Amino acid sequence: MLRRFALPCLLCIAPLAAQTPPCDALNDTTLTLRPLRTFNGLNTWAYRIVAQNTQTVRAIRILTENRLSPPNFMALEIRENDPYTQLPAATALGRGVWHVDATRGEAWQGTNLDRPVPLSGGTDYWVVWQEPGGSVLPFHPDAYALAVPAARFSGGSWSSIGTSKFRVRLYCGLLDDAGVVPFGNPCASATGTEGTAITNEAAVAGNAAFAVEGTGFPLGAISVLMIGVNPGWVSVPLGALPPGCAVNTDILATVVGITGTGTVYSSAPDGHVLYPLPLPAAASGAFLSTAIGVVDAGATATIPLVTSNALQLTIQ
């Protein structure tokens, strides 16, 4: 029954307007959710899927909402399937964190992963979801939707909780959105993770909820949002930076922050940084480019700063 994942997904991948379609998906049709909310407090859930193709995944989105404020963060991971327990393996292949704005409502939202995750077609994997309680479960309400094995982490161990009609989209590129295009490549920190810039909001004039986020960065480190205005900018690799790092935007202005060290139930989750960037109504037609640099204490480079991809914004 689980191997049916590959065939239904050929039918359930639906392109998003102004977004790159996912390269794999499950129960991907309609925007309707079952009106079920999670327990109060930090929860960790997992859903077992079967990879449709052999490919490398860079990002994940699920259909959910959370109107609590604060806390209002979530995380997604991909883990291997433990063949002995048929439950999630102990470590994540890739992980990412994002901010859930209480005004966003029911939406496809998610995160880039902190490293590319190669998946083998026909192989079982678990998508692990951490959320702060009070979230709408990402389940398809219709009878024809495919149910997959589900598990919950509690008391230090995983336990099976039956099956759920889980809804997920996997992306082979970094997340984009209407008016938002990722540009350039992130580089690896001393621990091998890649910090990336993301947003779950369209670049629309008058969008007061717009924000640029960073995920996958070193914990508790000084970060800087770099803001530019040059749409013709070419990535500039600098030898003084760690290997593979480049400046992916011109720099007209900067905003300083610090990456988090806590859980998604805190105001500053691990390796994440949030830069609110509300877009005024008068900004229609404007261009901005944003990228994030974070100090990496483990780097041996002259300038120990790891850099993200840029997000090029053409405000609609």
Side-chain angles (χ1 to χ4, degrees), residues 56-60 73 75-79 90-99 111-118 130 171 173-175 181-199 211-228 230 233-264 266-275 277 288-312:
T56 298
V57 171
R58 303 289 303 277
I60 313 179
F73 294 90
L76 284 168
E77 300 175 354
I78 296 179
R79 298 193 187 193
T91 59
L93 299 173
R95 172 182 170 84
V97 178
W98 80 100
H99 175 253
T111 179
N112 295 332
L113 299 171
D114 60 9
R115 64 191 76 204
V117 177
Q130 288 185 320
Y171 296 86
L174 300 178
L175 292 182
V181 177
F183 173 77
N185 295 307
C187 59
S189 69
T191 60
T193 59
E194 294 182 354
T196 59
I198 63 170
T199 185
V212 174
E213 306 175 51
T215 182
F217 286 107
L219 278 60
I222 295 172
S223 67
V224 57
L225 177 70
M226 299 169 279
I227 304 173
N230 182 1
W233 181 261
V234 177
S235 295
V236 179
L238 296 178
L241 294 173
C245 294
V247 180
N248 289 314
T249 181
D250 62 312
I251 305 172
L252 182 67
T254 59
V255 182
V256 176
I258 190 165
T259 61
T261 59
T263 70
V264 297
S266 72
S267 60
D270 55 300
H272 180 274
V273 62
L274 176 68
Y275 292 100
L277 194 65
L288 291 176
S289 180
T290 62
I292 299 171
V294 175
V295 174
D296 182 9
T300 58
T302 304
I303 303 176
L305 191 78
V306 288
T307 54
S308 76
N309 58 292
L311 292 180
Q312 295 186 336

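Note that these values count all heavy atoms, side chains included, but never hydrogens, waters or copies made by symmetry. Model, not experiment: these values are computed from the prediction.
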So which heavy atom on Trp233 is nearest to which on Phe183, and how close?
O-CZ, 3.4 Å
Residues passing the salt bridge (Lys or Arg N to Asp or Glu O under 4.0 Å) test with Arg79, sequence neighbours excluded, are Glu77
Partner residues of Leu274 under the side chain to side chain contact (heavy atoms under 4.5 Å, CB included) criterion, sequence neighbours left out:
His99, Ala211, Glu213, His272, Pro276
Pairs satisfying side chain to side chain donor-acceptor pair (under 3.5 Å), at least one member in residues 215-225, at least two apart:
Ser223-Tyr275
Nearest 0.5 angstrom please: Thr111 OG1 to Leu175 CG, how far?
6.5 Å
Pairs satisfying salt bridge (Lys or Arg N to Asp or Glu O under 4.0 Å), at least one member in residues 298-308, at least two apart:
none
How would you list, by chain and number, every residue that makes a side chain to side chain donor-acceptor pair (under 3.5 Å) with Ser289, sequence neighbours excluded?
Thr249
Please enumerate all residues that pass side chain to side chain contact (heavy atoms under 4.5 Å, CB included) together with Leu238, with sequence neighbours excluded.
Val236, Leu241, Val247
Check Gly216 against Thr193 and note the closest heavy-atom contact, atom names and distance.
O-OG1, 3.2 Å
Indicate the atoms forming the closest heavy-atom contact of Asn248 with Gly184, along with that distance.
OD1-CA, 3.7 Å
Filter on side chain to side chain donor-acceptor pair (under 3.5 Å), then keep only pairs touching residues 236-246, sequence neighbours left out; what's left?
none
Check whether any side-chain N or O of Thr307 sits under 3.5 Å from a backbone N or O of Ala246 as a donor-acceptor pair, and report yes or no.
yes
Name the one of Arg115, Arg58, Arg95 that satisfies salt bridge (Lys or Arg N to Asp or Glu O under 4.0 Å) with Glu194?
Arg58
Roughly how far, to the nearest 0.5 Å, is OG1 of Thr290 from CD1 of Ile227?
7.5 Å
Residues passing the side chain to side chain donor-acceptor pair (under 3.5 Å) test with Thr56, sequence neighbours excluded, are none
Could you list the residues that satisfy salt bridge (Lys or Arg N to Asp or Glu O under 4.0 Å) with Asp250, not counting sequence neighbours?
none
Which atom names give the shortest non-hydrogen contact between Gly94 and Asp114, and what distance separates them?
CA-OD1, 3.5 Å
Counting only N and O atoms by type, is there a donor-acceptor contact under 3.5 Å from the side chain of Asp296 to the main-chain atoms of Ala190?
yes
Between OG of Ser266 and CZ of Phe73, what distance do you get to the nearest 0.5 Å?
7.0 Å
Between Thr254 (side chain) and Val224 (backbone), is there a donor-acceptor pair under 3.5 Å?
no
Kindly indicate, with the supporting measurements, whether the criterion side-chain contact (heavy atoms from CB on, under 4.5 Å) is fulfilled by Ile60 and Leu113.
CA-CA 8 Å; Ile60 313 179; Leu113 299 171; 4.0 Å; yes
Do the side chain of Ser308 and the main chain of Gly195 share a donor and acceptor less than 3.5 angstrom apart?
no
Which residues pass the side chain to side chain contact (heavy atoms under 4.5 Å, CB included) test with Asn309, sequence neighbours left out?
Leu174, Pro182, Pro186, Thr196, Ala197, Leu311
One should read off an interatomic distance between Trp98 CH2 and Ile198 CD1, to the nearest 0.5 angstrom, of 8.5 Å
Heavy-atom pair with the smallest gap, counting every atom of Gly173 and Ala59:
O-CB, 3.7 Å
Approximate separation, where rounding is to 0.5 Å, of Asn230 CG and Leu288 CG
12.0 Å
Could you tell me which non-hydrogen atom of Pro242 sits nearest to which non-hydrogen atom of Ala301, and how far apart they are?
N-CB, 3.5 Å
Run the side chain to side chain contact (heavy atoms under 4.5 Å, CB included) test against Val295 and tell me which residues pass, sequence neighbours left out.
Ile222, Leu305
What pairs with Asn185 under side chain to side chain donor-acceptor pair (under 3.5 Å), at least two apart in sequence or on another chain?
none
For Gly96, is there any backbone N or O sitting under 3.5 Å from a side-chain donor or acceptor partner on Asn112?
no
